[in-house]
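Predicted, not measured: the structure shown is a model, and the values here were computed from it.
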Amino acid sequence: MTDFLSALNPEQRIAVEHTEGPLLILAGAGSGKTRVIAHRIAYLIAEKGVAPWNILAVTFTNKAAQEMRQRVQRLLRDQELSSAPLVSTFHSLCVRILRQDIEKLNEKYSRTFTIYDQDDSLRLIKNCMKDLGFDEKHLGLRATQSTISSAKNRGEDVEEFTAHAEHVDERRASIALVYETYEERLHANNALDFDDLLIKTVHLLRQVPEVREKYNNKFRYILVDEYQDTNSLQFALISLLTEKQQNIAVVGDEDQSIYKWRGADINNILDFEIHFPKTRTIRLEQNYRSTQTILDVAGAVVKRNIERKGKSLWTSNPRGDLVRYFQALDAESEARFVAAKILEHRDEDYNLRAAVLYRTNSQSRVFEEAMRRAGLPYNIVGGFSFYERMEVRDVIAYLKLALNPNDSIALQRVINSPPRGIGKQTMEEVERRANDYGLSLWETISLVIEQPEKLSMRAVSALRSFRRIILRLAELAGTDLPERAPVGNNTQDTSFRGQEGGPAPAAPSSVSGQRSAVAIPSDIVKAAIFDTGYENTLKSEKTDEAEARLENLQELVNAAVDYDEQGIEGLREFIDHSALVSDADQYKEEAVVTLMTAHSAKGLEFPLVFIVGLEDGLFPHSRSATDAAELEEERRLCYVAMTRAERFLYVTHAMKRRVYGEELASEPSQFLNEMPLDLIEDLTRGNSWLSFARRSSAIDYEHGNRGSSPTVREGASDYASDRSGYRKERKKFEGKTYDSVHSIAEFFKQRAAQLGNTGGSFQSTREREERNKSARGQARSQADQLRRSASSARNDNPSDSRGPSSPLPVTPSPGGSADFVPGSYVKHAQYGRGLVLRREGVGDSLKLTVTFPGYGQKKLIQKYAGLEKA
DNA sequence: TAAAGAAAGTTTTTT
DNA sequence: ACTTTCTTTA
């Protein structure tokens, strides 16, 4: 028999052996937590004789669940098992429970409920807003969705939210109305959104003792991964499930909490010992993944967080190489650099897996192109997942309709795709009458065919053919449908589903009178592609794009084959799966290069990691800039990204970047400044932000120098020798020099002060005044200035490089002289001719950001820099 | 009604 | 830059 303990270190062993009672495992990055969970499950089964079906392990992503399953399976490959332990995500666990027992909740939901993913939910909210007559722009569609979602996650139902809203403001009151309508319609569609999956499960467990009892008895041992990211609903769910046994083991790391924005409550892990009094706590602090250097650099960054208990992570791994840094000109050259480096590494070790981690999905495109050009096979996680592709969603919508024709969102999606002559006007009429009668769109269509009223014959026959298609699919799926919609009464009986908690739909008088054998899932999927005319329409297009779409649909059929044995329940599972797969699930271990967001990378590891786009406003993201807590979350995210690396870590940033199609200059990320510079190797050719940061310790002064250039002193070029001096020596120049190097420190201090951080603790009064002045100057639209400078830079016409006497047509900054406006050219004794990008402050503290060819961007104090117009 | 062309919004992270 | 949505035209 396998010895499940010998491969573990002492702490890991305790974590595995402590099987009874609450257990909190505080596991640092790379400390082998997945290993511990897998061993624990195997140990419970093999050594403690626990039945597999009494074990539940919960993760956040399907990918993590799958990995866990495989690991357990590998450990137990010698055992004869009657079943496998349940390893599931929170959401699929909820679906599993609800598909069994939701009818016991007595909220008139049937077991055949539909799951609305974010996109479906957004469409529904949109419909609600439209019908309520709210202006989508004014209220903000997405903002409304996220407000409602966070209310739901806080456990605020419509009544509570409305009660709060009435006293706040009009906007919130409007959202309350949308919330109310949204909930009504979800219910009328027999649909649950992602939040509902958790909410309804918690309700069910809370309100129905018999169900709670059942699952308490079933799941005698519960394990939760990434516990720091659980929200209050997930906590409630876990508490309810383990109420009786209290055999609950959770694994987490406060430094890797990156989902606060989604309602994750860090207190769940911090207060675990309070929630579960007899908790045994174990710390796993030995890192097996990364080199000492990578750990040191990552640790130095996350140490800046104040909201942190702090723990020490150590490793017996070698020091390894320095972290490598590269400053790119723009996003394209950044991507080229990354591709070139991956190729280089592959010359050494052909199987070296690499990851490129970015903050936002929009950054992925350039990297995709660069990889393709370099001939590197890559795998992209996120962005457009397979199940998010239009054609796939369309076919899934047909399938959803086959199982539940009252799903109005699915119906709206496909009623006219492929085009079958049911246009906007027709749909508006159908929707109007659906509202009047209080029927679903599907029911209304049946009614409208009988009584067309305003509708043209053409529209009616189009509707009739659509109805036939759905009836046919429903028949294949074995869904019982009433021959006709309940005609005539205009009461609000919108849900023909079971009033008494039963799955309702009518008597077993199916369409054709006799029930045909239910088809297997893949056949129904095929029918949804062929019988709907979808395939023919795509085929007749004869474009490459249509070709690709057809291939995707073929892929969908292939995916469905896996569910064939399970019959109609298989189809339902197939559809559930399509709603619940996440981006991270597309990650394939075999891929040479994986492109993904830092968020998606959580839980993964790679020998070679690139963290790209380390720029102010991007990473950390500008949306986090106003809030110190959010900035700390960004920092944790950066920490997560860095600790993915096993052997080689690269950090890069670009000088400029297109945002919304506009080119903007970018500053290096403050996180770069937080890395120990002596552990970083600069791969930039020529001058970079980093080389200036290093040189600062060797610079005495730089103001007023003309002609001769004493600026860069001895030792400045061999920064290798004074790497460590940077921070310490910087202080002595405070408030004296305003050269470009100083401005870097100044820049970061300002940033810290804006965030209300303690970063500016050693600033002088004078500096504070300076900052206040410059803040006023900054108030002007940065984008506007850049647009101006960009346009004049493009135009090399000498008349555009006018001196102070004829400035560009820009508003002069308040109170300042009109000299050196953004867009004009200046001459610097050392750097030569440069373009003014930005100006801040007035009078003596007038500062200019100037870009000099070959030297990059500099921030200069006009008074000292000795600038001339050029 | 559908296709083509114009305008506007979009990008933080995700189950 | 790119995609969705609105407007015009056939």
Inset, instruction - Give Arg657(A) one of three labels, base, sugar-phosphate or nothing, depending on what nucleic acid heavy atoms sit under 4.0 Å from its own. - result: nothing
Legend entry - Arg372(A)/Glu368(A) salt bridge by N-O under 4.0 Å criterion: yes
Inset, instruction - Describe the nucleic acid contact of Arg623(A) in one word from base, sugar-phosphate, nothing, applying a heavy-atom distance below 4.0 Å. - result: base
Filtered N/O pairs between nucleotides 5-8 of chain C and protein, under 3.5 Å:
residue	atom	partner	partner atom	Å
dT5(C)	OP1	Lys126(A)	NZ	3.1

Legend entry - Touch class at under 4.0 angstrom, heavy-atom based, for Asn153(A) against every strand present: nothing
Inset, instruction - Taking only the side-chain nitrogens and oxygens of Asn361(A), find out if one of them lies under 4.0 Å from OP1 or OP2 of dT12(B). - result: no
Inset, instruction - State whether a side-chain donor-acceptor pair under 3.5 Å links Tyr116(A) with Asn189(A). - result: yes
Inset, instruction - May I ask you to check whether Gln412(A) and Asn127(A) show a side-chain donor-acceptor distance below 3.5 Å? - result: yes
Legend entry - Proximal nucleotide (of dA2(B), dT1(B), dT15(B)) relative to the Asn416(A) side chain: dA2(B)
Inset, instruction - Determine, answering yes or no, if His621(A) is stacked on dT12(B) under the 5.5 Å centre rule and the 30° plane rule. - result: yes
Legend entry - Distance in Å, Asn190(A) CG paired with Tyr109(A) OH, rounded so as to fall on 0.5 Å steps: 7.0 Å
Inset, instruction - Could you tell me whether Gln118(A) contacts a base, only the sugar-phosphate backbone, or nothing, with contacts defined as non-hydrogen atoms closer than 4.0 Å? - result: base
Inset, instruction - Give the nucleotide from the list dT1(B), dT14(B), dA1(C) with an atom nearest to the side chain of Tyr259(A). - result: dT14(B)
Legend entry - Rounded interatomic separation in angstrom, taking CG from Leu122(A) and C1' from dG9(B): 14 Å
Legend entry - Under 3.5 Å side-chain donor-acceptor pair for Glu226(A) and Gln228(A): yes
Inset, instruction - Kindly point out which of dC2(C), dT13(B), dT14(B) is positioned nearest to the side chain of Arg365(A)? - result: dC2(C)
Legend entry - Nearest-nucleotide comparison on DNA chain B, the residue closer to the 5′ end among Gly423(A) and Leu198(A): Gly423(A)
Inset, instruction - Measure from CZ on Phe367(A) to P on dA1(C) and round the result to the nearest Å. - result: 18 Å
Inset, instruction - Would you kindly say whether Asp101(A) and Tyr215(A) are connected by a side-chain donor-acceptor distance under 3.5 Å? - result: yes
Legend entry - Side chain of Glu634(A) - closest among dT1(B), dT12(B), dT11(B): dT12(B)
Inset, instruction - Nearest whole angstrom, please: distance from the C1' of dT14(B) to the CD of Glu633(A). - result: 12 Å
Legend entry - Rounded distance in Å - CZ (Arg658(A)) to C1' (dT11(B)): 16 Å
Inset, instruction - Look at the side-chain N and O atoms of Thr61(A) and state whether any lies under 4.0 Å from the OP1 or OP2 oxygen of dT15(B). - result: no
Inset, instruction - Figure out the CZ/P separation between Arg262(A) and dT14(B), and round it to whole Å. - result: 9 Å
Inset, instruction - Rounded to the nearest angstrom, tell me the gap between atom CG in Leu141(A) and atom C1' in dT10(B). - result: 13 Å
Legend entry - Closest-nucleotide ordering on DNA chain B, the 5'-leading residue of Tyr660(A) and Thr89(A): Tyr660(A)
Legend entry - Salt-bridge criterion met for Glu391(A) and Arg389(A) (N-O under 4.0 Å): no
Inset, instruction - Let me know the distance between CD of Glu428(A) and P of dT1(B), rounded to the nearest Å. - result: 10 Å
Inset, instruction - With P as the reference atom in both, quote the distance from dT13(B) to dT4(C) in angstrom, rounded to an integer. - result: 15 Å
Inset, instruction - Would you indicate what Phe90(A) reaches in the nucleic acid, counting non-hydrogen atoms under 4.0 angstrom: base, sugar-phosphate, or nothing? - result: nothing
Legend entry - Side-chain donor/acceptor contact of Arg359(A) with base of dT13(B) under 3.5 Å: yes
Inset, instruction - Scan side-chain atoms only and decide if Asp265(A) and Ser232(A) contain a donor-acceptor pair under the 3.5 Å cut-off. - result: no
Inset, instruction - Select base, sugar-phosphate, or nothing to describe what Ser362(A) touches, counting heavy atoms under 4.0 Å on all strands. - result: base
Inset, instruction - Please report, rounded to the nearest Å, how far the C1' atom of dA2(B) is from the CE atom of Met427(A). - result: 17 Å
Inset, instruction - Taking the side chain as every heavy atom from C-beta outward, state whether His599(A) and Tyr259(A) have any atom pair closer than 4.5 Å. - result: yes
Inset, instruction - Would you mind classifying the nucleic acid contact of Ser622(A) as base, sugar-phosphate or nothing, using non-hydrogen atoms under 4.0 angstrom? - result: nothing
Inset, instruction - Compare the ring of Trp261(A) with the six-membered ring in the base of dT13(B) and state whether they stack (centres under 5.5 Å, planes under 30°). - result: yes
